[in-house]
Amino acid sequence: METSSLIIAPSMLSSDFSKVAEEVRTIQTSGADWVHLDVMDGMFVPNITFGPKFITDLRAHSPLVFDTHLMVEKPERFIEEFAQSGSNYLTVHGEATVHLHRTLQLIKDSGCKAGISLIPSTPVSAILPVLDMVDLVLVMTVNPGFGGQSLIPSTLAKVKELSVLREMEHLSYLISVDGGVNLSTVSTVIAHHADVAVCGSAFFNAPDRREFVLRMKGRHSV
Ligand code: DX5
Ligand code: ZN
């Protein structure tokens, strides 16, 4: 079986919030790599999830990389709190702040790795001036706000574009895809050169999470 080095990052958004400690532990026992944490403020996206205390409390139950995705207006207001929560990556949306460069610098100064995310309607050209500052580019393959949506195929061209740019400019950011990634879409995600696959509903609804991760990494589709 051909295997890939794809990093699998299950999103806690699709977990059962009444037993989150148990759910986060299954991310590690299933063989997945990172924990993806979707912070939503009810303004930037039409949904509300959790804040830094939730992440601090989860941190005690997992040694994995915490990949925090801030879908929050003016994220610069909260960088310090999220950095102290034990997050390893802090990813912000360029569409959510006027001062993107300053916000990314704040993240780097806090000791976290800096990520930037693009909603489906934002082109890669919008982030060219800050690409050399980031450790991660998160390409939203659905409109942010909810788990369980279908991947929008046209967004994948940005993944390829980012991969070519990285090579040309000798940069080293990871490229992550977020939204509608499952056993049916993972092969096209890999074909476009993504490094990280965020998966919410596909992971948490899988009958066997360990088997799911193996198949995601093995490039099998159902
Ligand atoms: C959506 C979030 C995603 C979401 C993905 O706004 O950013 O991380 O959890 O869920 P699935 O994998 O179900 O599309
Ligand atoms: Zn996300």
Side-chain angles (χ1 to χ4, degrees), residues 6-17 20 23-24 26-27 30 32-52 54-55 58 64-73 75 78 82 85 87-96 112-122 134-156 158-159 174-190 194-207 209 212-213 215-216 221-222:
L6 187 68
I7 293 168
I8 306 294
S11 165
M12 288 298 293
L13 179 65
S14 295
S15 69
D16 181 339
F17 280 15
V20 285
E23 294 280 67
V24 80
T26 72
I27 294 180
S30 70
D33 305 284
W34 290 5
V35 177
H36 186 80
L37 295 147
D38 288 305
V39 179
M40 302 185 185
D41 69 349
M43 290 293 287
F44 182 66
V45 287
N47 197 1
I48 298 175
T49 54
F50 46 76
F54 179 88
I55 299 175
L58 274 189
L64 298 182
V65 166
F66 273 22
D67 173 34
T68 299
H69 178 191
L70 297 173
M71 286 162 276
V72 170
E73 283 291 343
F78 302 108
F82 281 102
S85 73
S87 296
N88 301 94
Y89 284 82
L90 288 181
T91 294
V92 296
H93 277 265
E95 304 93 354
C112 288
K113 291 189 185 288
I116 182 160
S117 184
L118 301 171
I119 62 171
S121 57
T122 301
V134 299
D135 302 288
L136 178 88
V137 182
L138 179 67
V139 176
M140 290 300 310
T141 40
V142 297
N143 284 296
F146 303 94
Q149 304 180 78
S150 298
L151 183 143
I152 302 168
S154 60
T155 56
L156 290 173
K158 288 189 271 186
V159 177
L174 293 172
I175 305 167
S176 181
V177 288
D178 187 4
V181 183
N182 53 41
L183 288 171
S184 304
T185 56
V186 69
S187 52
T188 179
V189 160
I190 292 171
D195 307 294
V196 183
V198 175
C199 36
S201 50
F203 176 84
F204 283 101
N205 296 337
R209 294 174 185 172
F212 171 80
V213 172
R215 296 182 75 166
M216 289 288 282
S221 61
V222 284

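Atoms within each ligand, like the ligands themselves, are counted from 1 in listed order.
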What atom name does the N, O or S atom of [X] nearest to the Zn ion (ligand 2) carry?
X	value
H36	NE2
D38	OD1
H69	ND1
D178	OD2

With heavy-atom distances below 4.5 Å as the criterion, would you say the side chains of [X] and [Y] are in contact?
X	Y	value
N182	C199	no
V24	L64	no
F203	T26	yes
V39	F50	yes
F78	V92	no

Heavy-atom contacts with [X] under 4.0 Å: which atoms of ligand 1 show up? List them by number with element.
X	answer
M71	6 (O), 7 (O)
G148	11 (P), 13 (O), 14 (O)
C199	12 (O)
G179	14 (O)
M40	6 (O)
S201	11 (P), 12 (O), 13 (O)
D38	2 (C), 3 (C), 4 (C), 7 (O), 8 (O), 9 (O)
L13	4 (C), 9 (O)

Closest protein heavy atom (residue, atom, distance) for [atom]:
atom	value
atom 3 (C) of ligand 1	D178 OD1, 2.9 Å
atom 6 (O) of ligand 1	G145 N, 2.8 Å
atom 14 (O) of ligand 1	G180 N, 2.8 Å
atom 10 (O) of ligand 1	G147 CA, 3.5 Å
atom 12 (O) of ligand 1	G200 N, 2.8 Å
atom 1 (C) of ligand 1	F146 O, 3.6 Å

task = Decide side chain to side chain contact (heavy atoms under 4.5 Å, CB included) for L118 and T155; before the verdict, give the C-alpha distance in whole Å, the side-chain angles of both, and the deciding distance to 0.1 Å.
result = CA-CA 10 Å; L118 301 171; T155 56; over 6 Å; no
task = Pick one of side chain, backbone, both or neither for how P144 approaches ligand 1, counting any non-hydrogen atom pair under 4.0 Å.
result =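 It is both parts that get close, each with some atom under 4.0 Å.
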query = Is a side-chain N or O of N88 found less than 3.5 angstrom from the main chain of F66, in a donor-acceptor match?
reply =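 Yes.
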K158 (side chain) donor-acceptor with T141 (main chain) under 3.5 angstrom =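 No; judged by distance alone, with no hydrogens or angles, the pair does not exist.
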ask   = Do you see a donor-acceptor pair shorter than 3.5 Å between the side chains of S11 and D38?
value = yes
key: F54-F17 aromatic ring centre distance below 6.0 Å   = yes
query = Do you know which two heavy atoms are closest between F204 and P10, and how far apart they sit?
reply =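 For F204 versus P10, the nearest heavy atoms are CE1-CB, 4.2 Å.
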message = Testing the basics here: between D135 and K113, what is the closest heavy-atom pair and its distance to 0.1 Å?
response = OD2-CA, 3.3 Å
